[in-house]
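The first residue in the sequence is number 1, and the count goes up from there. All heavy atoms count here, side chains included; hydrogens, waters and symmetry mates do not.
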Amino acid sequence: MEDRVESDFLVLGSGIAGLVLALRLARLGSVSVVTKKENHESSTNYAQGGIASVMSAEDTFELHVRDTLECGAGLCHPDAVESMVREGPARILDLAEWGVDFSRERAGGGGFALGMEGGHSRRRIVHARDMTGREVEQVLLRAAESDPNIRFFDHWIAVDLLLESKITGGRGLPARRDHCWGAYALTGGHGPIVPFVARATFLATGGSGKVYLYTTNPDIATGDGIAMAYRAGARIANLEFVQFHPTCLYHPEARSFLISEAVRGEGALLRTLDGDRFMPRYDSRAELAPRDIVARAIDAEMKRRGDKHVLLDASPIGREKLLARFPTIAATCARFGFDIAAAPIPVVPAAHYMCGGVVVDLQGRTDLPGLYAAGEVTHSGVHGANRLASNSLLEALVYATRAA
């Protein structure tokens, strides 16, 4: 084992933000990517819905900005939202050029097939069937693994940032006067601890969904990056805003399998166990209201009735379209005994996404010189108090590119 690993750039995490960072930075120098488990394990890999972006003549940047600000309940930073929305189409085309096989319309020149999700006023969800995250992750991984300037360190856990103040003994320095030169990490959950030294360090460690019993996040989502940045003196904001996804499959063996919001976007309805459709009582947008409204409505109905779950009725979509548009969801539900075209799916809300995190500017810079961040680990100002559906992968794409 090496006593010390040196590279120009250190990336902690291997989801969409980490991989985009690595690929962009590899054009400038050597990159070390430290990841907790296999390099494909990340929240990105579980993202079903897609990536929100203005990709049709019926849509506008102004509408996407408005929908995002409204969903964020007045706490979004308009400049951050504007940057993300306007740069979105170019980043989608980057993914397509890398080889991401997005779903296309059968007619009309083969343009992107655009889905609809809650809180959006137009169809703008670019997707790869119902496993967009997996497709994006696999394509980016192949590109990164074939790049000679990128080296992966699987099964390594970063435990703390390597600060100049700790090396020189200048403890107590404010973050803005300190400097990050990498991170300490250990392999396999045990020692020895190895310093990874780099000219610039990038946090792409995701959120902390595993602090909750019921979450759609993988086991590695434990908030390590936020904790390391906090200990180093970087500002943290909006950690109280944790988004709950309304429709997680209710089954003891399903490991919190997500039923994509796109299913409701195509016409699925939420019902109580006696068949009552309840969402129109809570919001005029019914099943297509933003996630916080839908999740609270489901919770209220469960408490009012004493039920353990509600039902998602996908039968209005029709069997043929359901199986074509949502093959992975249909197959997974079938393994647990549910034919989603014939009977309603039992669902409950589950912790899904952190809207806050390490404070960054429009270029992904933290308060601590030498430390950058992108993706769910950050508070960029894009999400406010609640994230608009499918803006997460978009934010990671745009801000990883900006940070690099």
Side-chain angles (χ1 to χ4, degrees), residues 43 47 49 51-54 59-86 88 116-122 124-125 206-209 211-212 215-217 223 226 235-248 258 261-262 264-265 270 278-301 303 348-362 375-396 398-399:
S43 292
I51 308 172
S53 193
V54 177
D59 201 1
T60 66
F61 292 138
E62 290 74 21
L63 285 173
H64 192 179
V65 168
R66 185 197 69 185
D67 294 345
T68 301
L69 294 175
E70 182 177 336
C71 188
L75 292 182
C76 302
H77 297 177
D79 57 343
V81 174
E82 187 86 20
S83 297
M84 177 189 72
V85 166
R86 289 190 176 274
M116 184 72 173
E117 293 184 353
H120 290 275
S121 58
R122 295 290 187 275
R124 63 168 69 100
I125 314 303
S208 58
V211 303
Y212 290 89
T215 177
T216 63
N217 291 183
I226 294 172
R235 280 183 301 155
I236 310 295
N238 286 21
L239 295 190
E240 69 272 33
F241 298 124
V242 177
Q243 181 181 84
F244 277 64
H245 196 287
T247 52
C248 179
L258 179 70
E261 186 155 350
R264 281 179 284 129
L270 284 163
F278 57 88
M279 274 311 303
R281 296 199 298 271
Y282 289 88
D283 193 277
S284 60
R285 293 162 290 187
E287 282 79 6
L288 291 182
R291 288 175 178 174
D292 60 330
I293 295 172
V294 180
R296 284 198 295 267
I298 293 172
D299 183 64
E301 289 296 317
K303 288 175 178 173
V348 293
H352 183 58
Y353 189 88
M354 288 200 66
C355 296
V358 183
V359 175
V360 294
D361 66 11
L362 295 181
E376 191 177 355
V377 70
T378 68
H379 167 66
S380 67
V382 162
H383 304 307
N386 180 48
R387 174 173 68 77
L388 184 64
S390 290
N391 267 358
S392 56
L393 296 186
L394 177 64
E395 180 201 26
V398 169
Y399 279 85

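The side-chain hydrogen bond (donor to acceptor under 3.5 Å, both in side chains) test with Asp59 is passed by exactly one of Arg122, Arg124, His64: Arg124. Checked against Tyr353 for a side-chain hydrogen bond (donor to acceptor under 3.5 Å, both in side chains), the options His383, Glu376, Arg387, Arg291 give a single hit: His383.
Remark: the backbone N or O of His352 is paired with a side-chain donor or acceptor of Asn217 at under 3.5 angstrom. Checked by atom type and distance alone, the side chain of Thr215 pairs as donor or acceptor with a backbone atom of Ala351 at under 3.5 Å.
Pro349 and Ala295 get closest at one heavy-atom pair: CG-O, 3.8 Å. Of all heavy-atom pairs between Gly356 and Leu239, the closest is C-CD2, 4.0 Å. Residues Ala52 and Ala389 share a closest heavy-atom pair of CB-O, 4.0 Å. Looking at every heavy atom in both residues, Ala80 comes nearest to Ser380 through CB-O, 3.4 Å. Residue Gly88 comes nearest to Ser53 through the heavy atom pair C-OG, 3.2 Å, listed as atom of the first residue, atom of the second, then distance. In terms of heavy-atom proximity, Leu388 sits nearest to Thr68 at CD2-OG1, 3.5 Å.
Side-chain contact check for His379 versus His77: some heavy-atom pair is nearer than 4.5 Å. Counting only heavy atoms from C-beta outward, the side chains of Glu261 and Ile125 never approach each other to under 4.5 Å. Side-chain contact between Leu362 and Tyr399 is present, with at least one heavy-atom pair separated by less than 4.5 Å. The closest side-chain heavy-atom distance from Ile226 to Val377 is below 4.5 Å. Contact annotation: the side chain of Arg264 approaches that of Pro246 to within less than 4.5 Å [non-hydrogen atoms, C-beta and beyond]. With a 4.5 Å cut-off on side-chain heavy atoms, Ile236 and Val358 count as touching. Counting heavy atoms from C-beta on, the side chains of Leu270 and Thr247 come closer than 4.5 Å. In this structure, the side chains of Val242 and Tyr212 come closer than 4.5 Å at one or more pairs of heavy atoms.
Distance CZ/Phe278 to CD/Glu287: 7.5 Å, rounded to 0.5 Å. The distance from the CZ atom of Phe61 to the CD atom of Glu82 is 9.0 Å, given to the nearest 0.5 Å. Here Cys71 contributes atom SG and Ile293 contributes atom CD1; the two are 8.0 Å apart, rounded to the nearest 0.5 Å. Here the straight-line distance linking atom CE of Met116 with atom CG of Leu288 works out to 5.5 Å at 0.5 Å rounding. In this structure, NE2 in His120 is found 7.0 Å from CG in Asp67, a value given to the nearest 0.5 Å. Taking OG from Ser83 and CD from Glu395, the interatomic distance works out to 11.5 Å, rounded to the nearest 0.5 Å.
Applying the salt bridge (Lys or Arg N to Asp or Glu O under 4.0 Å) criterion to Asp283, with sequence neighbours excluded, gives Arg285.
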Output, in order, the C-alpha distance, side-chain angles, deciding distance and verdict of side-chain contact (heavy atoms from CB on, under 4.5 Å) for Phe244 and Asp299.
CA-CA 11 Å; Phe244 277 64; Asp299 183 64; over 6 Å; no

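In the displayed structure, Arg86 atom CZ is contacted under 6.0 Å by more than 12 heavy atoms of other residues, nucleotides or ligands.
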